[in-house]
Structures are given as C-alpha cells and as structure tokens.
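Below: the structure, in structure tokens.
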Amino acid sequence: MEQLRDSRFGGQGMADRDAGDGARRLMAFLRDQYGRRCLTGQQIGVASTPELDLIRETTGHYPAIGGFDFMDYSPSRTERGSSGKDTELAIDWWRSGGIVTFCWHWNAPQDLIDEPPDKSWSSGFYTKATTFDLARALADEDSDGYRLLLRDIDEIAVQLARLQEAGVPVLWRPLHEASGGWFWWGASGPEACIALWNLMFRRLTGLHGLHNLIWVWNGQHADWYPGDETVDIIGEDIYPPARSHESQAGRYRLARSFSAEDKIVAMTENGALPDLDAMAAEGALWAWICTWYGEYVYERGGEDGRIAYSGKHTEAERLRAFYAHPLALSRDQLPDLASYPLAGELRAAEGGRA
C-alpha cells in the first residue's frame with residue numbers, strides 16, 4: 001500500500017499556530033502513524049456508557065481513542081435539566097493512557113419546536129426539531145440569535161478549558177456531517193456553516209486561548225470545506241449496511257481530495273468495521289476508526305437486561321481480529337503521548353548520537 005511518511009507533512013504546521021505542547025505532540029504521533037497503523041476508537045453513549053469496557057471484555061484491549069460529546073452541556077439543554085459528565089470521563093480516559101476526541105451535538109440556541117416524540121427539545125440538534133436560522137443569526141451581530149451562538153460557544157469553551165488545564169489534547173470535531181442538512185448548522189447551506197466554523201475557530205483559539213485542540217473537519221463535501229488554514233484533519237462518517245466490511249477506499253480518496261495539502265484522513269464515525277487487510281491493499285488506511293455507540297456495540301438481553309456485545313453490525317470474531325491485527329493500535333500500545341518527541345527534538349537527538 002501507499003506509505004505516508006513524515007516528509008509529506010514537512011511544510012505543514014497546525015491550524016492553531018499557537019497550538020500547545022500537548023496538541024503538537026499528539027499531532028506528531030498521528031502524523032508518524034498515518035499510513036502505517038490504524039488507531040482503534042470507540043464513541044461512548046449518552047444515557048449509559050458501557051462501550052469502552054465492553055470492547056475490553058470482548059477483545060482484551062481498550063480502544064486507543066475514546067469518543068465523547070458535549071451535547072448535554074448545550075445551554076438549551078442545561079436550562080431544561082440536562083447535566084454533562086463527558087468532560088470528567090474524558091480526563092479520566094486521558095489519564096488512563098487513551099486519546100480523547102469530542103464532537104458536539106449542539107442543541108440549537110433558541111427556537112426549539114419541542115413537540116414530542118421526534119421534535120422534542122432533546123432532539124434540538126436536528127433541523128427538524130428547530131426553526132433556528134443560522135444564516136439570519138450570522139447576518140446580524142446585534143441579534144439574539146448571534147448573541148446566543150456566542151453564548152453557547154463560550155459555554156463549551158469552559159469545558160475545553162477544563163481539559164486544557166488537565167493537560168488533555170483534544171481531537172475537536174464540531175459541526176459534523178453539516179452537508180447532510182439533518183443538523184441545524186448545515187440547514188442554511190455551506191456559506192453559513194463555514195462562517196460558523198471560522199467564528200468558532202477564532203473565538204476558541206483567540207478569545208478563550210484554547211490551544212489544546214486539533215481541528216477535525218467533518219463536513220463531508222468539498223463545497224463545505226473551510227480551508228486548509230483552519231483544518232488539521234479531515235473526517236468521514238460512514239454507516240454501511242450491517243456486516244458490510246469494505247475498506248471504503250472511495251470515500252477515503254474523496255476526503256483526501258478536499259484539501260490541496262496531504263491532510264490526515266480519519267473515519268470519525270462508523271457502523272460496521274472496515275476490513276484492515278482490505279484497507280491496506282486498497283491504499284485506504286484510515287488514521288483511526290471510531291465506532292458509534294449503542295446498537296453498534298451492544299444489546300440488552302435476558303430477563304435482567306444484562307448488556308452483551310452485539311454482532312449485529314460487526315461480528316465478535318471480526319472485532320477481535322480487528323483489535324489483534326498488526327496494523328491496529330489499541331490503548332495499551334500507545335506511547336506516553338505527553339512526552340512524544342517532536343521533529344526538532346528527534347533531529348537534536350540524532351545529532352547528539354552522531
């Protein structure tokens with residue numbers, strides 16, 4: 001397969017020019033592994049979070065990457081009683097040796113329809129559950145809509161700051177799947193969504209001084225790409241039919257075409273796991289694979305409702321083979337990422353040995 005080496009990234013820095021030490025070291029590790037190994041990953045659930053332990057129980061390994069969500073920190077949810085816990089869970093995961101990625105199912109700042117069952121406030125990140133107009137809010141910086149956008153971003157900045165203070169670099173994946181239109185941040189088209197991405201980038205890195213973020217863009221269409229200067233990694237979310245394990249090489253090549261640079265490309269959500277041998281043979285070794293939660297991992301059975309691994313999307317034997325594959329990296333195989341060497345440090349070390 002095509003091998004991607006460090007030289008391919010030689011001219012690239014990071015989207016945040018002031019990226020902190022932890023983010024730079026994690027990015028260096030990802031670049032070193034890209035094209036050589038695929039990191040295993042697993043998103044946790046919302047109401048319950050059995051996924052990570054169940055993967056360990058089934059395969060003998062924890063995934064390298066744990067996926068978390070700021071959904072329940074959205075102000076239009078917290079004002080209705082929601083309470084987030086993912087920040088604490090993510091800090092514990094990092095301290096246990098894992099890599100942290102966050103998405104944000106951002107409940108619309110206002111104008112929730114709140115008509116159960118499918119338009120309730122708890123579904124307020126879906127376009128169908130809100131009348132919030134992103135383009136209109138962005139067009140008037142004096143409007144309530146614009147002010148509430150800033151309020152919400154600032155609330156999430158509080159959580160990202162907690163992670164930064166704990167030394168946790170974050171694979172930060174906001175505004176995901178925008179081009180699909182099913183989330184409100186994609187309902188006003190690419191121009192508005194790109195403007196929101198850039199607003200968020202400036203506000204988090206500039207106003208809030210958050211430099212622990214690796215910016216993962218997951219818009220899934222070239223027209224929605226905000227530009228290389230604010231993107232570190234490109235993500236694709238892929239849900240094939242159950243037990244369909246193709247490499248998804250076509251989507252991989254499409255994602256790589258979005259940038260003029262050689263950006264790292266990851267499968268940031270998936271249902272059935274792709275086959276690692278096929279990925280290698282077809283030149284599509286995704287940087288990481290992060291399986292979605294719930295039915296993609298477990299089922300409840302028996303009278304006591306006990307949780308067990310579900311082979312509905314990926315059979316247990318295939319899951320075990322994936323985690324045991326020499327191309328796969330699990331948590332126990334990760335180095336100490338807080339001290340992972342940067343390119344300059346490697347050159348200095350090599351010079352010293354000479």
Side-chain angles (χ1 to χ4, degrees), residues 3-42 52 56 61-68 87 89-102 160-173 204-205 209-217 231-235 261-268 285-290 323 325-354:
Q3 294 292 307
L4 306 179
R5 294 299 186 234
D6 296 347
S7 61
R8 301 196 64 189
F9 304 104
Q12 294 183 37
M14 291 182 65
D16 178 7
R17 295 182 181 181
D18 296 318
D21 186 75
R24 290 188 297 116
R25 292 183 189 279
L26 176 55
M27 191 67 178
F29 171 73
L30 294 173
R31 285 173 171 170
D32 286 349
Q33 296 302 316
Y34 185 47
R36 301 170 182 172
R37 306 285 292 277
C38 174
L39 278 71
T40 55
Q42 180 60 57
L52 298 172
R56 169 67 174 82
H61 302 277
Y62 280 110
I65 296 176
F68 304 89
T87 301
L89 293 172
I91 291 171
D92 289 343
W93 180 253
W94 170 256
R95 289 175 176 169
S96 297
I99 296 170
V100 170
T101 184
F102 262 95
L160 291 169
R162 292 178 62 198
L163 292 161
Q164 180 166 260
E165 290 164 6
V168 183
V170 178
L171 297 169
W172 173 227
R173 185 172 64 98
L204 292 181
T205 60
L210 292 166
H211 303 301
N212 59 327
L213 308 179
I214 295 174
W215 288 78
V216 182
W217 176 80
V231 172
D232 290 308
I233 294 172
I234 295 172
E261 299 177 353
D262 287 308
K263 298 288 188 185
I264 291 172
V265 174
M267 190 179 294
T268 42
L285 195 59
W286 301 83
W288 72 80
I289 309 286
C290 194
Y323 272 76
H325 198 286
L327 291 177
L329 274 174
S330 52
R331 192 179 77 176
D332 55 285
Q333 297 170 303
L334 295 177
D336 178 3
L337 293 168
S339 61
Y340 191 81
L342 301 173
E345 294 170 346
L346 285 173
R347 287 192 295 269
E350 291 168 357
R353 287 194 295 271

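Residue Leu285 holds its CG atom at 5.5 Å from SG of Cys38, rounded to the nearest 0.5 Å. Gln42 CD to Cys290 SG: the interatomic distance, rounded to the nearest 0.5 Å, is 6.5 Å. From Leu213, atom CG reaches atom CG of Leu26 across 11.5 Å, with rounding to the nearest 0.5 Å. One distance of note links CD of Gln333 with OG1 of Thr40; it measures 8.0 Å at 0.5 Å rounding. Here the CH2 atom belonging to Trp288 is positioned 13.5 Å from the CG atom belonging to Leu329, to the nearest 0.5 angstrom. Atom CD1 of Ile289 sits about 9.5 Å away from atom CD1 of Ile65, to the nearest 0.5 Å.
The ring pair (Phe, Tyr, Trp, His ring centres under 6.0 Å) test applied to Phe29 returns Tyr340, not counting sequence neighbours. Listed by chain and number, the residues in a side-chain hydrogen bond (donor to acceptor under 3.5 Å, both in side chains) with Asp332 are His61, Ser330 (sequence neighbours excluded). Not counting sequence neighbours, Arg24 has no partner by the side-chain hydrogen bond (donor to acceptor under 3.5 Å, both in side chains) test. For Thr205, the side-chain hydrogen bond (donor to acceptor under 3.5 Å, both in side chains) criterion is met by no residue, not counting sequence neighbours.
A 4.5 Å side-chain heavy-atom check between Trp286 and Leu39 finds every atom pair outside the cut-off. Using a 4.5 Å heavy-atom cutoff, the side chains of Leu30 and Leu171 are in contact. Arg25 places none of its side-chain heavy atoms less than 4.5 Å from the side chain of Leu337. Proximity of Trp172 to Leu204: side-chain heavy atoms (C-beta onward) are separated by under 4.5 Å at one or more points. The shortest side-chain heavy-atom distance between Val231 and Trp215 does not fall under the 4.5 Å cut-off. Side-chain contact check for Thr268 versus Thr101: every heavy-atom pair is 4.5 Å or farther apart.
Considering every non-hydrogen atom in both Ala28 and Pro341, the closest pair reads CB-O, 4.1 Å. Counting all heavy atoms, side chain and backbone alike, Leu334 lies closest to Ala64 at CD1-O, 3.8 Å. The two residues Ile233 and Met27 make their nearest non-hydrogen contact at CG1-CE, 4.1 Å. Considering all non-hydrogen atoms of both residues, Ala90 and Leu163 come closest at CB-CD2, 4.0 Å.
Between the side chain of Arg331 and the main chain of Pro63, no donor-acceptor pair closer than 3.5 Å is present. Side-chain N or O atoms of Asp232 include none that pairs as donor or acceptor with a backbone N or O of Met14 at under 3.5 Å.
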Under 3.5 Å, which donor-acceptor pairs link side chains of residues 92-100 to any protein atom two or more places apart or in another chain?
from, atom 1, to, atom 2, distance (Å)
Trp93, NE1, Ile99, O, 3.0
Trp94, NE1, Gly167, O, 3.3
Ser96, OG, Asp92, O, 2.9

Using the side chain to side chain contact (heavy atoms under 4.5 Å, CB included) rule, take Tyr34 and Val265 through it: C-alpha gap first, then chi angles, then the decisive distance, then the call.
CA-CA 9 Å; Tyr34 185 47; Val265 174; 3.6 Å; yes
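A donor and an acceptor atom, one from each side chain of His211 and Asp18, are nowhere located under 3.5 Å apart.
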